[in-house]
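Note sheet for the following structure.
Each chain gets a letter, A, B and so on, in the order its sequence line appears, and its residues count up from 1. Being a predicted model, the structure only gives us computed values, none of them experimental.
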2 protein chains.
Amino acid sequence: MTLIEMGQAAKVASSQLAVAGAAQKDAALRAAADALEQGEPMLLEANRKDVQAAEAARMRPAMLDRLTLDHTRISNMADGMRQVAAQEDPIGQVIEGRNLPNGLEIRRVRVPLGVIGIIFEARPNVTADAAALCLKAGNAVILRGGKEAIHSNTVCADLMRGAVEKTGLPRDCIQLVQDTSRSSSTGMMQMTGYLDVLIPRGGRGLIQSVVQNAKVPVIQTGAGNCHVYVDDSADIEMAANIVDNAKTSRPSVCNAMETLLVHQDIAEKALPVIGARLLEKHVELRGCPRTRAILGTDKVVPATEADWATEYDDYILAIKVVDSLEQALTHIAKYSTGHSECIVTRNYRNARIFQQRVDSAAVYVNASTRFTDGGEFGLGAEIGISTQKLHARGPMGVNQLTSTKFLVMGDGQVRA
Amino acid sequence: MTLIEMGQAAKVASSQLAVAGAAQKDAALRAAADALEQGEPMLLEANRKDVQAAEAARMRPAMLDRLTLDHTRISNMADGMRQVAAQEDPIGQVIEGRNLPNGLEIRRVRVPLGVIGIIFEARPNVTADAAALCLKAGNAVILRGGKEAIHSNTVCADLMRGAVEKTGLPRDCIQLVQDTSRSSSTGMMQMTGYLDVLIPRGGRGLIQSVVQNAKVPVIQTGAGNCHVYVDDSADIEMAANIVDNAKTSRPSVCNAMETLLVHQDIAEKALPVIGARLLEKHVELRGCPRTRAILGTDKVVPATEADWATEYDDYILAIKVVDSLEQALTHIAKYSTGHSECIVTRNYRNARIFQQRVDSAAVYVNASTRFTDGGEFGLGAEIGISTQKLHARGPMGVNQLTSTKFLVMGDGQVRA
C-alpha cells in the first residue's frame, strides 16, 4: 500500500471512529490489550528477530534495552491500553455553550482531530501506547516506526488491528507503515489533506527534521534543556534533594535537568552540598569559572558556551553561578527549550516572578522538574510532552488529541 | 531592518508584553485607537497614494473599495480597537487545576503565544484589527501587508506604535514589514524560532502558498466551500429564506454558501421556490441534470465536477439533487472545506446525524451559514475563521491567540 492509499483508508476509518460511542472504543482497546497478551509468543519471536539484527549491527546497549520485549513489558503494554480504556471519553464533551439573543443555541463540543501520523524510533511499546491514545480520542493513526523494530511493530499492529476489527470498528483505525526507509518518513511529512497532525517521537535529529520538512501540521515534543535555579534564599538541603532527583533519577528522559543556576550569595554554601551529592552518583560537572573556584578545578570541567545549550540526557550537569534572579531568567530565556524549569526559593516575590516570567511548559517552585508527565500531573497517559505553544503545551493526553466544532441549532434564523 | 532583526525585537517586546497587566494593555489599545482618529489626515493622505497607484494599475473595483479609507472606516477601525480593549483579558485565566496527593499544587494558566506573524492582502483595516487582537492577548505581532496598501499600513502602524510606546509598552509590540516583495513573504514563512504562529489572511492562493512553504506553525483560515442541504422533511419557506440569506446577503465572504443539496423527494416542490428567490437576485444557477429538468435548462447552467469544489465568492450557486441524507453527507465529506454546513429539516434524527457526521468548524440545523463569525457567536472580535483542526477551529478570537503553561508549587517534592 502506498502512503496515499493508507491515508485514504485512514480517512474512511476515522469517519466511522468519529461517531463510535465510548463503549465501543473502550471495548476495542480492551480487546487489543488482550490480543497483545494472547499473542505474546508471536510478539516475542518477532522481537527476537529485531534484537538479533540489532546486536549484529552493534546497537548501543541503552537502545537495545529499549528495543527488547519480555513478558513483563508486554503485560505493561496491555495494561497501559486498559488504563487508557478506563479514562473518561473526551469526545462529545461540551466545552462551552450559550443561547444567542436571536434564539440560536450554540455549543462547542470536543471532536476527534481525524487522522494522526506518528513517526517514532526503535521502541515497540510506542506502537501500543500511541494507538491506544489515538483510538480513545476517536482518531485513526498511521504509525511509522524505526526499521530496527519493524518485526515487533508489525506483529503488534496486526494483533491490535485484528482485535479492533472483531469489536466492529475498522481495522484501518490503526495502520503501520511497512516501508522503513527515509522516503516513507519524508512521505508522511507531505501527506497534506490526509494527516491532521504529525507527531515525531524520538531524538532531536528526528524532531528537527520533521519540523523543517513537514508540510502537514506538526507538534514538537520532548526537547528538554531543563534548568533548576537555586535562589539566594533557598533551603540548601531542599535544593540538593531537588537537583539530585531532577538530574539522577532518570537522566535519559526529557524532564531531567541539564543546567544548574546558583545565586552568587548562596553559591559558596550551596554548591559544596549539591556538588557532593552529584559526585557521589558519578555525575560529571561542567562549570563556569566561579563554580570551579568553589568546588575545585579538579572536580569540575570548564563549561563551554555549547554546554549551556546541550541536552545531555546523561550523567552530566552544567553549572553556572549567576549574579541575580534577573540573570538566571535571562540565561533561561536564552538557552531553555521551553520544557520545565524550577526555582528553589523561600522568597515569595521571587517565586511569583519566576513563574510569571519563565516561558516554559511547566514552571516549578520547590519541586523536581521530573514531575512533568501526564500521569504525574493527573492527566492520564500521554503521547509526549509538547514544547511548542500551538495547540498543546506540556504533557499531551487524550484531550490534546482532539479538536472542537461548533454545533448551532435554530428554527430558521438568518443573518441581518 | 531585516526580518531576523524584527523577530529579535518582537521577542524582546513580547517578553515585556507577556507580563503587562490588563489595564496597561487596554490603555495602550485605547491610545492607539485615539491615535488613528487623531492621525486621520495623515492616514487619508497615505491612503490616497495607495488608491491612486491602484487606480493606475487598474485594480478591480471590489479590491479598490476594500483598499479605500474614509472618515467612517477610520472611526470603525478605532472603535474596533476600543471594543477589543473592553473585552475580558484572557491572560492569566486558570483553565484547570488540582492538588496532587504528594501536596503539589498544579494550575494550567493561559499565557500569550509569543510572537504572531500575519500576512495579509490589500485591506488596511487588517493592520489595526490584527494588532489589537494580538496585543490584547499579550503577543507581539509582525504584520506583512500587501504592497497595494503599503502607505496606508505604514502610517497606521506608526500611529499605533507611537501611541503604544507613550503608554509604557514597547513600540515593537507592533511591527510592519516594509519590504512587500515576495521574498519578505517567503522570509516570514521561514522565521523558525521567532514566530510562534503565522496566520495568512487573504485569498486561496496566499493561504495555499503559506501552508505549502511555511516552516513555522500556520493556522489556515477562510476557505469556505459551504453547503446547505434541504432534507425531504424541510419547511420549504424556511429553506428558501436560509439559502437566500446564506448565498446573497454577502456573497464575497467565507461563510457564504456555495452549493445547495436538495433531497429528491422534496426537490420538485422546493427547487422552484428557492430558484425563484435566487433568480430574482440575479444569482447564476449551475445544476445537476435533475435540477435542470426541474427548473428548466434555460434557467440553469450545467454544473461540472469543478463546480462542486469551487468557492465562487460571487452570485453563483451550484445545485445538486441527492437521493438521500447519506448521499448529501458523502458529497459534503468530499467537497467541503470544513467551514460551515447546514441542514434544513423537521426530522429530529436527521438533524442529529447531520451534526454528528459533518466534520466542519460549524454545523447548523435550520440557520444560515452566515452566522459563523466571532461577533455573531458572542466570542468577540476575530482574527479569522480557522478551517483546520489543530489549535483553533472556527472563529478565532483572543483566546485562540493564547497558549497555556503549567504552574506547579511545592515544598521540596521529588519524584519517586
Exercise. Examine whether an atom of A:Ile106 lies under 4.5 Å from a heavy atom of chain B, and if so say whether it belongs to the side chain, the backbone or both; otherwise answer neither.
Key: side chain

Self-check item: Sub-4.5 Å side-chain heavy-atom contact between B:Ile242 and A:Val414
Solution: yes

Quiz item: At what distance, to the nearest 0.5 angstrom, does CD of A:Gln212 lie from OG1 of B:Thr192?
Solution: 5.0 Å

Quiz item: Of all of A:Thr369, A:Asn213, A:Val365, A:Val344, which one pairs up most often with chain B through heavy atoms under 4.5 Å apart?
Solution: A:Val365

Quiz item: Say you draw a straight line from CD of B:Gln413 to CG of A:Asn366; how long is it, rounded to the nearest 0.5 Å?
Solution: 8.5 Å

Quiz item: OH of B:Tyr364 to CG of A:Leu104: how many Å apart, nearest 0.5 Å?
Solution: 7.5 Å

Practice problem: Pick one of side chain, backbone, both or neither for B:Ala361, based on which atoms fall under 4.5 Å of a heavy atom in chain A. | Solution: backbone

Quiz item: Can you tell me how far CG of B:Asp411 sits from CE of A:Met238, rounded to the nearest 0.5 angstrom?
Solution: 6.0 Å

Self-check item: Value rounded to 0.5 Å, distance of CZ in B:Arg108 from CZ in A:Arg393
Solution: 11.0 Å

Practice problem: Taking all heavy atoms of B:Arg357 and all of A:Lys405, pick out the closest pair and write down the distance. | Solution: N-NZ, 4.4 Å

Practice problem: Answer with side chain, backbone, both or neither: which region of B:Asn99 has an atom nearer than 4.5 Å to a non-hydrogen atom of chain A? | Solution: neither

Self-check item: side-chain contact (heavy atoms from CB on, under 4.5 Å) partner of B:Leu390, the single match among A:Ile219, A:Asp196, A:Val216, A:Val218
Solution: A:Ile219

Exercise. Side-chain contact test, heavy atoms from C-beta onward, threshold under 4.5 Å: evaluate it for A:Arg415 versus B:Asn245 and give yes or no.
Key: yes

Quiz item: In terms of heavy-atom proximity below 4.5 Å to chain A, should B:Arg107 be classed as side chain, backbone, both, or neither?
Solution: side chain

Self-check item: Contact origin within A:Val19 toward chain B - heavy atom pairs under 4.5 Å
Solution: side chain

Self-check item: Greatest number of heavy atom pairs closer than 4.5 Å to chain A - which of B:Thr372, B:Asp373, B:Asp244, B:Val109
Solution: B:Asp373

Quiz item: Of all of A:Ser368, A:Ala239, A:Ala416, which one pairs up most often with chain B through heavy atoms under 4.5 Å apart?
Solution: A:Ser368

Self-check item: Partner set under ring-ring contact (aromatic ring centres under 6.0 Å, His included) for A:Phe377, not counting sequence neighbours
Solution: B:Phe406

Quiz item: Quick one: what part of B:Ala214 sits under 4.5 Å from any heavy atom of chain A, side chain, backbone, both or neither?
Solution: backbone

Quiz item: Side chain, backbone, both or neither: which part of B:Asp235 has a heavy atom under 4.5 Å from chain A?
Solution: neither

Quiz item: Do side-chain atoms of A:Ser403 reach the backbone of B:Lys389 as a donor and acceptor pair under 3.5 angstrom?
Solution: yes

Self-check item: Minimum heavy-atom distance between B:Arg98 and A:Leu379, given as atom pair plus value
Solution: NH1-CD2, 3.4 Å

Quiz prompt | Validation row: B:Met409, A:Gln355 side chains within 4.5 angstrom (heavy atoms) | solution = yes

Quiz item: Between B:Pro101 and chain A, which part of the residue has a heavy atom less than 4.5 Å away: side chain, backbone, both or neither?
Solution: neither

Quiz item: In Å and rounded to the nearest 0.5 Å, what is the CG to CD distance from A:Asn102 to B:Glu376?
Solution: 7.5 Å

Quiz item: Is it the side chain or the backbone of B:Ser15 that comes within 4.5 Å of chain A heavy atoms, both, or neither?
Solution: neither

